[in-house]
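Comments concern the structure below.
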Amino acid sequence: MTDPISDFLTRLRNAAKAQLEVCVSPHSRLKESIAAILKAEGYISDFSSGADAQGHKTLIVTMKYANGASVITGLERTSTPGRRMYYKYTEIPRVLNGLGISIISTSKGLLKDADCRRQKAGGETICNVW
């Protein structure tokens, strides 16, 4: 697999479209940080670590729905292995005029776009969520 972050985002997108209760993905600290930001912003209900039948560590994400529709309406990968997208904190684009969030990898860890502007930290944009 060349891009595990894109795989994780695709699993979340597919789980939201299929209205699944949980989404299971291979574990990594970066994916766990993305899930923590999504939980803090209210896009998912919860996440936890677990293990599959072979004993590999997994990340279990509990999806969130409002009135029968998924809270996550859009999820896109912005920076790919073939095209990295870096922004200064003053140049970070807004997602749907502030209705969505952008998750950015900075030297201070993963942050959402508003926190990057507040802490004056730029970096690589990972994904946009709305």
Side-chain angles (χ1 to χ4, degrees):
M1 184 181 325
T2 56
D3 191 6
I5 300 304
S6 181
D7 176 64
F8 176 63
L9 296 176
T10 300
R11 286 176 191 239
L12 287 176
R13 194 178 314 113
N14 290 342
K17 294 263 185 191
Q19 299 211 349
L20 300 178
E21 288 294 318
V22 295
C23 174
V24 180
S25 173
H27 184 274
S28 77
R29 289 186 304 177
L30 187 59
K31 294 177 193 175
E32 191 171 354
S33 298
I34 291 171
I37 291 175
L38 292 177
K39 181 181 177 186
E41 291 299 306
Y43 288 105
I44 61 174
S45 293
D46 198 13
F47 68 96
S48 62
S49 295
D52 61 1
Q54 291 81 24
H56 301 305
K57 199 170 181 186
T58 60
L59 185 65
I60 302 163
V61 178
T62 307
M63 304 301 289
K64 186 174 183 180
Y65 300 97
N67 299 328
S70 174
V71 175
I72 296 175
T73 56
L75 188 62
E76 76 174 351
R77 177 89 156 113
T78 52
S79 183
T80 63
R83 185 190 64 177
R84 302 289 187 186
M85 305 288 284
Y86 296 96
Y87 293 101
K88 295 178 187 176
Y89 76 94
T90 56
E91 299 170 350
I92 297 172
R94 297 191 188 280
V95 180
L96 293 179
N97 270 341
L99 293 178
I101 64 166
S102 181
I103 298 176
I104 301 165
S105 176
T106 68
S107 59
K108 299 175 182 179
L110 281 187
L111 299 172
K112 63 179 189 162
D113 53 354
D115 293 339
C116 285
R117 291 186 196 96
R118 196 174 304 114
Q119 296 181 17
K120 297 186 177 183
E124 178 186 0
T125 59
I126 302 294
C127 63
N128 293 334
V129 185
W130 63 93

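Distance check: L20 CG to T62 OG1 gives 11.5 Å after rounding to the nearest 0.5 Å. Atoms CD1 and CZ, from I103 and R77 in turn, are 10.5 Å apart once rounded to the nearest 0.5 Å. Interatomic distance, L38 CG to K31 NZ, rounded to the nearest 0.5 Å: 13.5 Å. Taken from CE in M63 to SG in C23, the straight-line distance is 6.0 Å, to the nearest 0.5 Å. Note that the CD1 atom of I126 and the OG1 atom of T78 stand 7.0 Å from one another [nearest 0.5 Å]. A distance of 9.0 Å separates CG in L12 from SG in C127, rounded to the nearest 0.5 Å.
Counting all heavy atoms, side chain and backbone alike, I104 lies closest to G123 at CG2-C, 3.8 Å. Across all non-hydrogen atoms, the minimal contact from I44 to V61 is CD1-CG1, 3.7 Å. For D3 against P81, the heavy-atom pair with the smallest separation is OD2-CD, 3.5 Å. When all heavy atoms of I34 and F8 are compared, the pair lying nearest together is CG2-CE2, 4.0 Å. In terms of heavy atoms, C116 sits closest to L111 at SG-CB, 3.7 Å. Across all non-hydrogen atoms, the minimal contact from Y43 to V129 is OH-O, 3.8 Å.
In the hydrophobic clustering, I60 connects to V22, V24, either directly or through intervening members, whenever side-chain heavy atoms lie under 4.5 Å apart.
Within the 4.5 Å cutoff, side-chain heavy atoms of Y87 are placed close to those of I92. The shortest side-chain heavy-atom distance between Y89 and Q119 does not fall under the 4.5 Å cut-off. Residues R117 and R94 meet the side-chain proximity criterion, which asks for heavy atoms closer than 4.5 Å. No side-chain heavy atom of H56 sits less than 4.5 Å from a side-chain heavy atom of P26. Side-chain contact between K64 and I72 is absent, with no heavy atoms from C-beta onward closer than 4.5 Å.
Heavy atoms from other residues, nucleotides or ligands lying under 6.0 Å from CZ of R84 number more than 12. Heavy-atom neighbours of E91 CD from other residues, nucleotides or ligands within 6.0 Å: above the threshold of 12.
Sorted by first and then second residue, the salt bridge (Lys or Arg N to Asp or Glu O under 4.0 Å) pairs involving residues 37-47 (not counting sequence neighbours) are K39-D46, E41-K112.
Between the side chain of S70 and the backbone N or O of T73 there is no donor-acceptor pair closer than 3.5 Å. Looking at Q19, its side chain does come within 3.5 Å of a backbone N or O of G68 through a donor-acceptor pair.
F47 and L9 fall within the same hydrophobic cluster, defined by Ile, Leu, Val, Met, Phe, Trp and Tyr side-chain heavy atoms under 4.5 Å apart, directly or through other members.
Contact check on D115 versus K108 returns no salt bridge, with no Lys/Arg side-chain nitrogen under 4.0 Å from an Asp/Glu carboxylate oxygen.
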